[in-house]
Amino acid sequence: MQSADDPENLGDETWNLDGSVRNTAVAGAFGLAQAAAYAFIASGSTGQITFVNRAAEDLFGYPPGDMIGRNIDVIVPERFRASHEAGLARMIRNEPSRLAGKTIEVTAKRRDGTEFPAEFTLSVWRDHFGLGFGAILRDISEWRARDERLKQLAHHDTLTGLPNRACFEEALQKQLDAGGSVAVLMLDLDGFKEVNDSWGHDTGDAVLQTLAIRLPGRLPQGASLARFGGDEFAVLLPGLGDPLDVAAQATSLLDAFVTPLAVDGRTFHLGVSIGGGVSPAHGDAVGELIGNADLALYRAKQEGKRRFRLFEPVMRSLLLSRIAMQEELRSAARNHEFVLHYQPQVDLQTTAIVGVEALLRWQHPTRGLLMPDAFLSQLEEHPLVLDVGRWILNEACKQAKAWCGAGHRLRMGVNLFAAQAHAGTLEADVLEALNQHRLRPEVLELEVTETIALRADEAMLGQFEKLQRQGIGIAFDDFGTGYASLSSLKRFPLTRLKIDRGFVRDLLTDPHDAAVVRAIVQIGQDVGLEVIAEGIETSAQEATLLRMGCEQGQGYRYGKASPAAEIRCFLESTRLRTHNQ
């Protein structure tokens, strides 16, 4: 097709209104246009179509020759005709065309009224017959559909169909650019890992898809829910700046988890922890606002999960302290600053020491001896927790063997980290420690907490069953404090129940605590488990426990947790005193 730059090449005449070409010089060119795969349409200054090729008739759905003489508007959607006519008028006035020679995307209309995206290239020329236009068009519907699919993949989570992090951040940026208030909520599911571990990732995916349907119903108009990955979601709340309003919205999302999820014929009791940030108070940049909401989420999980916390500046200071603590813990492991102290466990009838519980301490180079409350929660989240757990196990077995060699046959209780129970190497680690120090299995007792019991799958239970069959004791620590305790009696291969010190403390003054202790002792007797009470401090508590049938105890009445050397001195003095009597 010719352009406006060389109109003379068209000859003295163009074509007849019926589409036949007058000038034989250009007949070959239009014959080529007829055979082209792309649609070609030409018109004059009146807007009447003077030529179309077969590809154009097929594209727009007209019979052969039916488009000739019609106004070019037939291929222009009604809403665009005004701008089309204005552009035509400018070219008639000999004003430069902004479209000539350029390839752009337009919306075109077929004979049946349907619209489609088209690639459009316009040529304009003038000769002594007047103004002429020629357009080449190509249907790009498939391209646009592909682009939309790619855009969907780039901006949406493939599993749930929700916006992804990139899409969420773009939307947040627009809200921040527009000014005004906007709130961000970060959500993390509580208990989701257990779903994946117990039922598989297909079920976990189905749970996430179910939540993607349930949660948006809890959001106000204009809010949006996104999935950042894993079990982490985010909520964008435009126009929300009052902390009370943000808290109310978070509470609504918390309430959404009160009703269990029914998925694949199973019922799941999940929870959610939520952290929030409000702009501009908590940040006026995308990364800052999301990061601060994440800090609030971390605090919510630290405080027991299934709750909402709004960002406070002090949270950032705590984060920096946490990072510093993580590095100090790494240094403590590298420099052998962790030590074990041992608290005696006695026979309540004779007060003879029958065992000890190994308890972790940190001999800090500047802060002195630190109790577990100062560092244990962060150690449990540290990548080194497995290494520290193996060291505790090995050190306790080594000490137990030393005492056995000195004639003191004591049971050694070792607390397990949750990470040890889930790592899949517990059985091998325990047997390696026993073999290394040639310690009989019945000397060792592993203590499990409710956190471990709640997350026990068949593989974990299998490890404990194998260890128990070899003679290793399995004690349930702090029994009676959680709702999973009774169910764990059936699942775990237990040998001992440990009554929590909280019940023993008020044993003589609180009838409810006394009833709980009595019930635990009775349960132990009924199912053949030994029972030991923690936190005994007075002779009255000791006497009451004896009357209830509790046979063993632990607490300050018999000694605090002490280094191994002090325990050995106590054992030797007890033996000497007993011998002299």
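From a predicted model like this one, the values you see are computed outputs, not experimental measurements.
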With sequence neighbours left out, what residues match D510 under side chain to side chain donor-acceptor pair (under 3.5 Å)? H512
E537 (side chain) donor-acceptor with G555 (main chain) under 3.5 angstrom: no
Min side-chain heavy-atom separation L261-R214 under 4.5 Å: yes
Note: K174-D177 ion pair, threshold 4.0 Å (strictly below): no
How far does CD of Q552 sit from CZ of R496, to the nearest 0.5 angstrom? 4.5 Å
Flag side-chain contact, heavy atom, 4.5 Å: L253 against F233: no
If I compare all heavy atoms of V443 with all of L410, which pair ends up nearest, and what's the gap? CG1-O, 3.2 Å
Looking at A166, is its backbone amide N or carbonyl O close enough to the side chain of N164 to form a donor-acceptor pair, meaning the two atoms are under 3.5 Å apart? yes
Keeping the roles fixed (side chain from T425, backbone from A428), state whether a donor-acceptor pair exists under 3.5 Å. no
Show your working on side chain to side chain contact (heavy atoms under 4.5 Å, CB included) between V414 and V430 and close with a plain yes or no. CA-CA 11 Å; V414 175; V430 170; over 6 Å; no
Contact check, side chains of I392 and N415, non-hydrogen atoms, under 4.5 Å: no
Between Q343 and G559 (side chain of the first, backbone of the second, donor and acceptor by atom type, cut-off under 3.5 Å), is there such a pair? yes
Backbone N/O of P563 and side chain of E566: donor-acceptor pair under 3.5 Å: no
Has the side chain of Q249 got a donor or acceptor atom that lies under 3.5 Å from a matching backbone atom of R218? yes
So, for Y342 and A396, which heavy atoms are closest and what is the spacing to 0.1 Å? OH-CA, 4.3 Å
Salt-bridge criterion met for D188 and K305 (N-O under 4.0 Å): no
Separation of L545 CG from L507 CG (nearest 0.5 Å): 5.5 Å
On a heavy-atom basis, which atom in V263 and which in T203 lie closest, and how many Å separate them? CG1-O, 4.4 Å
Does the D429 side chain pair with the main chain of R390, one donor and one acceptor, at a distance under 3.5 Å? no
Which heavy atom of F192 sits nearest to which heavy atom of G204, and what is that distance? CE1-O, 3.4 Å
Might you work through the side chain to side chain contact (heavy atoms under 4.5 Å, CB included) test for N394 and H437, ending with a clear yes or no? CA-CA 8 Å; N394 185 72; H437 300 289; 3.0 Å; yes
Rounded to the nearest 0.5 Å, the CD1 atom of I536 sits from the CD atom of E542 at a distance of 6.5 Å
Would D190 and S273 count as having a side-chain donor-acceptor pair, cut-off 3.5 Å? yes
Considering residues, nucleotides and ligands other than E551, do more than 12 of their heavy atoms fall under 6.0 Å from its CD? no
Give the minimum heavy-atom separation between A453 and R491, together with the two atoms involved. O-NH1, 3.7 Å
Measuring from C167:SG to D157:CG, what's the distance to the nearest 0.5 Å? 11.0 Å
Nearest 0.5 angstrom please: M412 CE to E395 CD, how far? 9.0 Å
Using a strict 4.0 Å threshold on nitrogen-to-oxygen distance, state whether R165 and E169 make a salt bridge. yes
Side chain to side chain, L295 and F311, heavy atoms closer than 4.5 Å: yes
Quick check: are there more than 12 heavy atoms from other residues, nucleotides or ligands sitting under 6.0 Å from NZ of K301? yes
Mind telling me whether W362 and F338 have parallel, tilted or perpendicular rings, with 30° and 60° as the class edges? tilted
Approximate separation, where rounding is to 0.5 Å, of D457 CG and Q463 CD: 9.0 Å
Write down the atom of L215, the atom of A256, and the distance for their closest heavy-atom approach. CD2-CB, 4.0 Å
Sub-4.5 Å side-chain heavy-atom contact between L360 and L379: yes
Student check: side-chain heavy atoms of R266 and V195 closer than 4.5 Å: no
Check this for me: does any side-chain nitrogen of one of E357 and K498 sit under 4.0 Å from a carboxylate oxygen of the other? yes
Between R322 and Y298, is there a side-chain heavy-atom distance shorter than 4.5 Å? yes
Does the side chain of H341 come within less than 4.5 Å of I567's, by heavy atoms? no
Judged by atom type as modelled, is there a donor-acceptor pair below 3.5 Å linking the side chain of T267 to the main-chain atoms of A262? no
Pair I523-V531, side chain to side chain contact (heavy atoms under 4.5 Å, CB included): steps then yes or no: CA-CA 9 Å; I523 289 172; V531 178; over 6 Å; no
Main chain of G502, side chain of D500: is a donor-acceptor contact present, judged purely on distance under 3.5 Å? yes
Assess whether atom CD of E458 is packed by more than 12 heavy atoms of other residues, nucleotides or ligands within 6.0 Å. no
Backbone of P280 reached by a side-chain donor or acceptor of D284 within 3.5 Å: no
Please lay out, stage by stage, how V346 and R557 fare under the test side chain to side chain contact (heavy atoms under 4.5 Å, CB included). CA-CA 10 Å; V346 304; R557 175 165 173 76; over 6 Å; no
Would you call the rings of W199 and F268 parallel, tilted or perpendicular, taking 30° and 60° as the class edges? perpendicular
